[in-house]
Each structure stands twice: as structure tokens, then as C-alpha cells.
Amino acid sequence: MQLEYIGAFNVVLGVLARFWPVWIALVLVMGASFAYKKRLGLYGQLFDSSVGIVGVGICLFWLFTAIFASTVSPFNPLVQIPIMKDALPGAVEPQSGLVYLFGGDKLARDVFSRMVYGSQIVLIIAPAATGFALMVGITLGLPAGYYGGRIDTVLSFLANLVLAFPVILLFYLLVTPGIMETPIPYAMAGLFFMFPIIFFSVLFWTRYKKRPDRLYILLGLTLIIGGWVYAGLVFDADPFRIIHIDPNQLNIFVAVVFASSPGVFRIVRGLVMDIKTRDYVAAAQTRGESPWYIMLWEILPNARGPLIVDACLRIGYTTILLGTLGYFGLGLAPESPDWGTAIKDASRLLRSFIHPALPPTIALMSFVLGLNLLADSLREQSMKD
């Protein structure tokens, strides 16, 4: 059967039309952000520069793409339609009449739909893993920089020990199939996922220990929500089946947290060693505040600028790393629509068909570019502050 094709102009219009919920969400969010930017703190300040606007726009575009993936995608990313194998962009699927806007891959799957669904994997793993790495690095970096001495020596030695390994080699060791068959990923997940619970428990305790009415509510919520997420992620025991992560994704998640935490630790440690000499810290010590109160409520808020910038850059690095792992066929399942796996599958046929490789490559590049622009704008704002 001969395939029918639509023209390049119609392909462009078709792509723009498929993203209609994304455009609506972008207009609403960006419009509201412009209107109320003076009330939105650091986020609102991003709209004072063109770099910040572009960075926010690109990041929100992919965020809304991940949210509305089922609406934007015309096909299931795993469905194979044999006649559409290696179809060129604009090919019309005979039965449904829908168009393979970016063509088909070697397994006859829609390249456009796989690119769209690939954003979900990136935007779930990269920011969440970076968030957990921040929790681990902050929780260990604060006492290391504030107390110094043996605590600093031991924690710094452990951080330097992890940083001594080449990153790619470290990830290769942590996500190989052999490791996934052992309890090591679950043991590491059980350790790392405790840090957010510990962090917020200490945070609320130091702030509201003299106000038990509020303290008990916040601690109860922390333990309930934290325990619920912990049980779902580590033991896959969420009774509501809301919190769930596949073993392949858990392995990559733990590897990212393990490799990124030492870098966050060193940044936090250095910031604390500088900030603890400030006058307002001495004033808090004179008032008789506890060390953890000073660390969490005096030092940490004043270190937020560099940490937010580092978080944006780290999400970008993690996105590239996920793409690299997918390119080498590590971590995620072979049929996964993540961008790295898509690039790997398409790279084998570049001499014959280049169209399957371009969409995931451009998507990966644009998302990392948006994060870098966002980090640059945040850095400018933190320098002004």
C-alpha cells in the first residue's frame, strides 16, 4: 500500500495545532506572571530580563508538554503500525487518517508521540532526583560547615571519595543490570529517601518547639506524607497505588542522588563556612538559639541564591546524563520513549533516515538550554540581592 504524505507547511501547522493545550497553559501562566511579578518574589524578578523570560518559557513549555502528553500525542508511543516503518515526516496512517508528523522509526512507532512522552520521563526523574540530592547535600553540608572538626573531616572525606570516581563510570556501575538484581538500589533508596523526612522534621522542630499546637500538626503531616511517599518509592507499598516507580527508574534515581549529593554537600559546606561569620549569625548565637535553628533559619535562607542556581544547572546536567545513559542502553527499558533511548535507536540508521534522530535531539537540547538560561537569570538576580 502506498502511503500518502502532507506537505512540509501542513506538518508545521499540524505540530503547532497538536500543542494547543500547551499554548493555552503558557499564555495563562506567563500572562499572570507578568501581571503579578512584583508579588512573586524571586520568580517574578525573572521577568525583568529577556534571558529569564526565555528560560522560563522553554521550561514551562516542556513542563506543560509532559502534563498534557496524552492530549498532545496522536498515538501511543509504544504502538507499532507496520506500514509506517521508517515513514517520512507527514505520512498519513491509512486506517485512522492521523499523521505521523515527524515520521516513523525503525519499529514503526510515531516519532512525534515518543518525543512528547519522553518529556514525562525527563521531567519526573531529573527534577525529583535533583531535589533529593539537595536534601542529602544540605542536611550533611550544614553541620559540616558549621561545626567543622571531626564531623567536617569525616563527611568531606566521604564526599571526596565519591567525587573521585569519573561520573560516567560511576553511573555505569550503578545502573548495570547486575546491580539491579541485588538489594543495593533499594538499600540506597531506603537511606537517601529518609533525608527529606529528617530535614523537614528538624526544620519544624527548631522553629515551632515552643508552639506545640502548630509543631505537632506539622510533624504529623511530615511523618504521614513522608512515610507514604517513602513506602511507595522504596517498598512499592502505597495502598492507594499513586506513588510508584519502576525498578529501572528507581535505579537511575538512586544513582543520580548518590552522584550529585557530594557536589551539593561541598557547595553548602563552603557557603556555611562563609555565612557563619556574619553579624546576624553572631546575634542569633547571643540570643541563645540552638545550632540547628541557626543553620536552618539564619544561614540556609541566605544561601538560597547559589543553591537555586546550582539546582537549575544540576537538573540540566542530570537531563544530559539521562540522555547519555539512554544512548548506551542503560537504566531504562529498551522500549522507553525517553530522549536518550530514542537518539540511540535512530543513530543506527542515520545514513538512511535522519528524521527519527532530530526531534529527541532538539528536545533534549532545548530543555537544557532553557535550564541554563534560567540559571543565568537567577545568578544575575542573586548578585543584585
Does any N or O in the side chain of H355 come within less than 3.5 Å of the main-chain N or O of A87, such that one atom is a donor and the other an acceptor? yes
What distance separates L78 CG from L107 CG, expressed to the nearest 0.5 Å? 10.5 Å
Taking atom CD as the centre, does E335 end up with more than 12 heavy-atom neighbours from other residues, nucleotides or ligands that are less than 6.0 angstrom away? yes
Check whether any side-chain heavy atom of F192 sits under 4.5 Å from a side-chain heavy atom of F253, and report yes or no. no
With side chains defined as the heavy atoms from C-beta onward, is the minimum distance between F102 and P356 less than 4.5 Å? no
Scan residues 27-45 for pairs that pass salt bridge (charged side-chain N to carboxylate O under 4.0 Å, His left out), counting only residues two or more places apart or in two chains. K37-D48
OH/Y216: more than 12 non-hydrogen atoms of other groups inside 6.0 Å: no
Does D236 have any salt bridge (charged side-chain N to carboxylate O under 4.0 Å, His left out) partners at least two apart in sequence or in another chain, and if so, which? R241
List the residues meeting salt bridge (charged side-chain N to carboxylate O under 4.0 Å, His left out) with R314, not counting sequence neighbours, and say none if there are none. D310
With no hydrogens and no angle check, just 3.5 Å: does a side-chain donor-acceptor pair link W339 and T319? no
Check: residues 116-129 side-chain donor-acceptor pairs under 3.5 Å, at least two apart:
from, atom 1, to, atom 2, distance (Å)
S119, OG, V116, O, 2.5
Q120, NE2, A66, O, 2.9

Could you state whether V22 and L13 fall into the same hydrophobic cluster, counting links through intermediate Ile, Leu, Val, Met, Phe, Trp or Tyr residues with side-chain heavy atoms under 4.5 angstrom apart? no
If you group Ile, Leu, Val, Met, Phe, Trp and Tyr by side-chain heavy-atom gaps below 4.5 Å, do L163 and V264 land in one group? no
Working to the nearest 0.5 angstrom, can you tell me the gap between E380 CD and L378 CG? 9.5 Å
Heavy-atom count around K85 NZ within 6.0 Å, excluding the residue itself: above 12? no
With no hydrogens and no angle check, is any side-chain donor or acceptor of Y100 less than 3.5 Å from a backbone partner on A108? yes
Any chain of hydrophobic side-chain contacts (each under 4.5 Å) joining L191 to F258? yes
Find the distance between CG (L358) and CE (M365) and round it off to the nearest 0.5 Å. 10.0 Å
The side-chain hydrogen bond (donor to acceptor under 3.5 Å, both in side chains) partners of S336 (sequence neighbours excluded) come to D338
Where is the tightest heavy-atom contact between V254 and A189, given as atom of each residue plus distance? CG2-CB, 3.6 Å
Would a distance-only check, ignoring hydrogens and angles, find a side-chain to backbone donor-acceptor pair under 3.5 Å from R18 to T71? yes
Side chains of P262 and N160: does their closest heavy-atom pair fall under 4.5 Å? no
Counting only heavy atoms from other residues, nucleotides and ligands, does the tally under 6.0 Å from CH2 of W205 exceed 12? no
Taking every heavy atom of L26 against every heavy atom of G57, the minimum-distance pair comes out as CD2-O, 3.9 Å
Can you name the closest pair of heavy atoms from V11 and G90 and give their distance? CG2-CA, 3.7 Å
N/O donor-acceptor pair under 3.5 Å between T222 side chain and L218 backbone: yes
Looking at side-chain heavy atoms only, is the closest gap between F132 and P196 below 4.5 Å? yes
Fit a plane to each ring of F64 and F68, take the angle between them on a 0 to 90° scale, and name the class: parallel (under 30°), tilted (30 to 60°) or perpendicular (over 60°). tilted
Partner set under side-chain hydrogen bond (donor to acceptor under 3.5 Å, both in side chains) for Q285, not counting sequence neighbours: Y146
Sorted by chain and number, sequence neighbours left out, salt bridge (charged side-chain N to carboxylate O under 4.0 Å, His left out) with R287 holds for E289, E298
What's the separation between atom CZ in F235 and atom CD1 in I243, rounded to the nearest 0.5 Å? 15.0 Å
Just checking Y317: does its OH atom have more than 12 heavy atoms from other residues, nucleotides or ligands closer to it than 6.0 angstrom? no
Please list, chain by chain and in numerical order, all residues satisfying salt bridge (charged side-chain N to carboxylate O under 4.0 Å, His left out) with E93, sequence neighbours excluded. none
For Y5, what residues pass the side-chain hydrogen bond (donor to acceptor under 3.5 Å, both in side chains) criterion, not counting sequence neighbours? none
Within the 4.5 Å heavy-atom criterion, are V229 and F193 side-chain neighbours or not? no
Does V202 reach the side chain of M295, with side-chain heavy atoms less than 4.5 Å apart? no
Between the side chain of S366 and the main-chain N/O of A363, is any donor-acceptor distance below 3.5 Å? yes
Starting from the C-alpha separation in whole Å, work towards a yes-or-no answer on side-chain contact (heavy atoms from CB on, under 4.5 Å) for F204 and R214. CA-CA 9 Å; F204 296 139; R214 180 171 295 186; over 6 Å; no
Do M273 and L271 sit in one hydrophobic cluster, given that two such residues count as connected whenever their side-chain heavy atoms are within less than 4.5 Å of each other, even indirectly? no
Using a cut-off of 6.0 Å, state whether more than 12 heavy atoms not belonging to Y36 lie near its atom OH. no
Which residues share a ring-ring contact (aromatic ring centres under 6.0 Å, His included) with F61, sequence neighbours left out: F19, W23
Give me the atom names and distance for the closest heavy-atom approach of P359 to V111. CG-CG1, 3.7 Å
Test V29 against S33 for side-chain contact (heavy atoms from CB on, under 4.5 Å), laying out the working first. CA-CA 6 Å; V29 173; S33 300; 4.1 Å; yes
Does the pair I299 and V281 meet the rule for a side-chain contact (heavy atoms from CB on, under 4.5 Å), with working shown? CA-CA 7 Å; I299 295 177; V281 174; 4.0 Å; yes
I'd like to know if the side chain of S377 reaches the main chain of L374, judged simply by a donor and an acceptor atom lying under 3.5 Å from each other, with no hydrogens or angles considered. no
If you measure from CG on L203 to OG1 on T139, what distance do you get to the nearest 0.5 Å? 10.0 Å
To the nearest 0.5 Å, how far apart are CG in L46 and CD1 in I53? 9.5 Å
Determine, step by step, whether F195 and L140 satisfy the side-chain contact (heavy atoms from CB on, under 4.5 Å) criterion, reporting the C-alpha distance in whole Å, the side-chain angles of both residues, the deciding distance to 0.1 Å, and the verdict. CA-CA 9 Å; F195 277 89; L140 298 179; 3.9 Å; yes
If you count heavy atoms of other groups shown closer than 6.0 angstrom to CG of D279, is the number above 12? no
Flag side-chain contact, heavy atom, 4.5 Å: L63 against C59: no
Taking transitive links into account, so neighbours of neighbours count too, which hydrophobic residues share a cluster with L28 at under 4.5 Å side-chain distance? W20, I24
Provide the closest heavy-atom pair for L3 versus V92 in the form atom of the first, atom of the second, distance. CD2-O, 3.9 Å
Linking I/L/V/M/F/W/Y whenever any side-chain heavy atoms sit under 4.5 Å apart, do M135 and L158 land together? no
Check whether any side-chain heavy atom of W228 sits under 4.5 Å from a side-chain heavy atom of I224, and report yes or no. no
side-chain hydrogen bond (donor to acceptor under 3.5 Å, both in side chains) partners of S113, counting only residues at least two apart: D110
